[in-house]
Amino acid sequence: MAMGKYSRVDGKKSSGYGLTITIVLIVSLCLVGAWMFMSSWSAPTESIDFSANERTKDVDTTTKSDFKSEEVDRGSKSFSDEKNDETEVVTETNEEKTDPEKSGEENSGEKTESGEGKKEFDDKNGDGDRKDGEGEKDTESESDEAKQKEKTQLEESSEENKSEDSNGTEENAGESEENTEKKSEENASETEENTEKSKDVFPAGDQAEITKESSTGSGAWSTQLVESQNEKKAQVSSIKWKVCNVTAGPDYIPCLDNWQAIRKLHSTKHYEHRERHCPEESPRCLVSLPEGYKRSIKWPKSREKIWYTNVPHTKLAEVKGHQNWVKMSGEYLTFPGGGTQFKNGALHYIDFLQESYPDIVWGNRTRVILDVGCGVASFGGYLFDRDVLALSFAPKDEHEAQVQFALERGIPAMSNVMGTKRLPFPGSVFDLIHCARCRVPWHIEGGKLLLELNRALRPGGFFVWSATPVYRKTEEDVGIWKAMSKLTKAMCWKLMTIKKDELNEVGAAIYQKPMSNKCYNERSENEPPLCKDSDDQNAAWNVPLEACMHKVTEDSSKRGAVWPESWPERVETVPQWLDSQEGVYGKPAQEDFTADHERWKTIVSKSYLNGMGIDWSYVRNVMDMRAVYGGFAAALKDLKLWVMNVVPIDSPDTLPIIYERGLFGIYHDWCESFSTYPRTYDLLHADHLFSSLKKRCNLVGVMAEVDRILRPQGTFIVRDDMETIGEIEKMVKSMKWNVRMTHSKDGEGLLSVQKSWWRPTEAETIQSAIA
């Protein structure tokens, strides 16, 4: 028989050897049993920790995979969502660590919903309005693009203010960054503590992965985003609105009625008390309605009369009634169309100016004008009949509610003053600037205020001055005329004509700004001086005035060297000076401009005009809260309305393009209140504004401002990502507004709501607004 190599055939030794093996086996089994018994007490803890780690890694793997696939899908787009996607990964990882009971599938589902590639859509038929790369991407991507390619108004103004104290907006931004850094450091410390505690449980390889993800999660934006989102959701769910208890009552303008700041001013010589002084924290209360308030009268009847109960102020009717500004007539305030310089009607005065100098050509060459010290804005109101857009402004002063009258009538106007700061407009944009007895001392202090108009006036544009020094011969008037003549000559403005209106017994002088630098270079004295080459004429947000002139552009490939096309062709004409630039959406600027124009034409015609149930006969005053190229306003140009295009200070500075199209607008920081009276707009439109805005200011305060400037029964349209739409929808419902329409596609949402008449019963006193 064949035997194995180690087989024993010796009977004696084989028996002893077997006994030994038996004993060894018994001892081994006992040891194994003891080891298993002991390990059973520690196994649950290890098992729980390890499974939590495995679930976290599963979610990480899923989200990273989704992120990579999204990058591939968006490979052709110029605006990637890298920052957003990374944020989402960190958010989910943190949530998984916080609550180990959450399933990987649940988190993965949330990621899929919120992280899908965002594309614009047509609200009516659901088809995309743009191909990949042509449409507007989410707001964060546009902010990244703005930083890389175009200066924002905030950056331009900051550079101008380098030697000045930081403005309120920059202070807020700085505080936000400081808080973010502090919170990030705290979170990083917490993460390190948790890591130390878990080192004895997790193997070295797993611990390295956890540390890596934690480091990513401690970045300033990602960590702050998680905390802020949770806090904002908690705030939205617990909002309890109250009525603002303020001295101004239903006419409250937070940045103009800050009596706490006004009382601290060292001087009011330059109208500092009429300038913006925003409270440190935006009010979160709702402004009350005047007793007996009614829905505004429709245009064009509103140009002639408004409800007295809507603007219950009679002082102007008492002191200016004889000049046909405004009169009381039963339950109405009526406007005969007159003014200090045109008692017999604005239309006659408008025609008189063109007859005085035919090259003005209202509604053709001259399309966008600025009316300084507008009164009740009858001049601008009747220029609509000549296809001219006039943006009127005046301070909130003893001429009680003059701007409020204008807006209630349906005429573009805003509260502002020629004081110590630049006007919130770009340089070289207005075709004509008008001053009819506007009470501004243009000739004093080196002509600083007139030089500000020079900044805003387009090369080749006109300045119309209709005031007593032009046609009266009193000692004071003659003195002012001589000073103005000397100043305008030094500024190289050419006096084109002086004419007298026999009917109204007034006169007007018409000046033209030069289109070349020849005169500037030939001056014998450099007074007023030319601005430094580093002085950006487009920087306008909180920038102090300087008594200097900017050279005009002579290079035909740059803005300002060539007059725009005549209206209405200019609204659709791509400015030639965009040829060498890259657009906001990543394509060549001219192509970007055209795509944006076509996109908004489609959206407005197929969705806004027909698919939302909006009664456009009640829509007169419109605001685009985040205009880019002005495409939304251009798409509405054939309707009997006007659009205030707002370019936020942290968005790409595209406002000059909007003016080039024959439209107008303003720079603004939506973390502060707008310089307008309550209840002045019929429709507010916000395209991807709030998702960007909520990163630096509280949306509750912003929505309180939206409520303040929107009229009861007015329409509010929001386009944004679905998370932001959800936050806004909760807030408008808490104000008892009526949700008229919601729509979503590919993570993008549309919300259309109508403001109600509801006001809270409880009041909140705003200490800064108590006189």
Hey, can you pull the donor-acceptor pairs under 3.5 Å for the side chains in residues 290-297, sequence neighbours left out?
from, atom 1, to, atom 2, distance (Å)
Lys294, NZ, Glu331, OE1, 3.4
Ser296, OG, Glu408, OE2, 2.9

**OP:** Return the set of residues passing side-chain hydrogen bond (donor to acceptor under 3.5 Å, both in side chains) with Asp371 (not counting sequence neighbours), or none when no residue passes.
**Re:**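 So Asp371 forms a side-chain hydrogen bond (donor to acceptor under 3.5 Å, both in side chains) with His434.
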Original post:
Looking at Phe384, is Arg620 sitting on its ring face, NZ or CZ under 6.0 Å from the six-membered ring centre and within 45 degrees of the normal?
Top reply: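 Verdict for Phe384: a cation-pi partner in Arg620.
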Subject >> Cation over ring face, Lys305 and Phe335, 6.0 Å, 45° >> reply: no
Original post:
How would you list, by chain and number, every residue that makes a side-chain contact (heavy atoms from CB on, under 4.5 Å) with Asp536, sequence neighbours excluded?
Top reply: Glu156, Glu160, Asn538, Ala539
Subject >> Non-neighbouring partners of Ser267 that pass side-chain contact (heavy atoms from CB on, under 4.5 Å), sequence neighbours left out >> reply: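 Listed in chain order: Lys269, Glu272.
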Got a sec, which residues hit salt bridge (Lys or Arg N to Asp or Glu O under 4.0 Å) with [X], two or more places apart in sequence or on another chain?
X	answer
Glu275	none
Asp707	Lys755, Arg759
Glu304	none
Glu705	Arg708

**OP:** Using the salt bridge (charged side-chain N to carboxylate O under 4.0 Å, His left out) rule, collect all pairs that involve residues 243-261, keeping only residues at least two apart or in two chains.
**Re:**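 Residue pairs passing salt bridge (charged side-chain N to carboxylate O under 4.0 Å, His left out), neighbours aside: Asp251-Arg679, Asp257-Lys396.
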Subject >> Residue pairs involving residues 412-422 (criterion salt bridge (charged side-chain N to carboxylate O under 4.0 Å, His left out); sequence neighbours excluded) >> reply: Arg422-Asp535
Subject >> Contacts of type ring-ring contact (aromatic ring centres under 6.0 Å, His included), residue Phe430, not counting sequence neighbours >> reply: Phe425, Tyr659
Subject >> Those residues that, when tested against Trp737, pass ring-ring contact (aromatic ring centres under 6.0 Å, His included) (two or more places apart) >> reply: none
**OP:** Would you mind checking if Glu318 and Lys315 are paired as a salt bridge, meaning a charged N to carboxylate O distance below 4.0 Å?
**Re:** no
**OP:** May I ask you to say whether Lys733 pairs ionically with Glu729, meaning some side-chain N is under 4.0 Å from a carboxylate O?
**Re:** yes
Subject >> Sub-6.0 Å ring centroid separation between Trp642 and Tyr681 >> reply: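 Between Trp642 and Tyr681, the centre distance is under 6.0 Å.
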Original post:
Less than 6.0 Å separating the ring centroids of Tyr608 and His685?
Top reply: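 Here the rings of His685 and Tyr608 have centres that are less than 6.0 Å from each other.
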Subject >> Passing candidate, side chain to side chain contact (heavy atoms under 4.5 Å, CB included) with Arg711, options Leu683, Asp682, Leu684 >> reply: Asp682
Original post:
Taking atom types as modelled and ignoring hydrogens, do the side chains of Ser691 and Asp720 form a donor-acceptor contact shorter than 3.5 angstrom?
Top reply: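 Side chains of Ser691 and Asp720: pair found under 3.5 Å.
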Subject >> Derivation of the side chain to side chain contact (heavy atoms under 4.5 Å, CB included) call for Glu727 and Leu699 >> reply: CA-CA 9 Å; Glu727 293 180 46; Leu699 287 190; 3.9 Å; yes
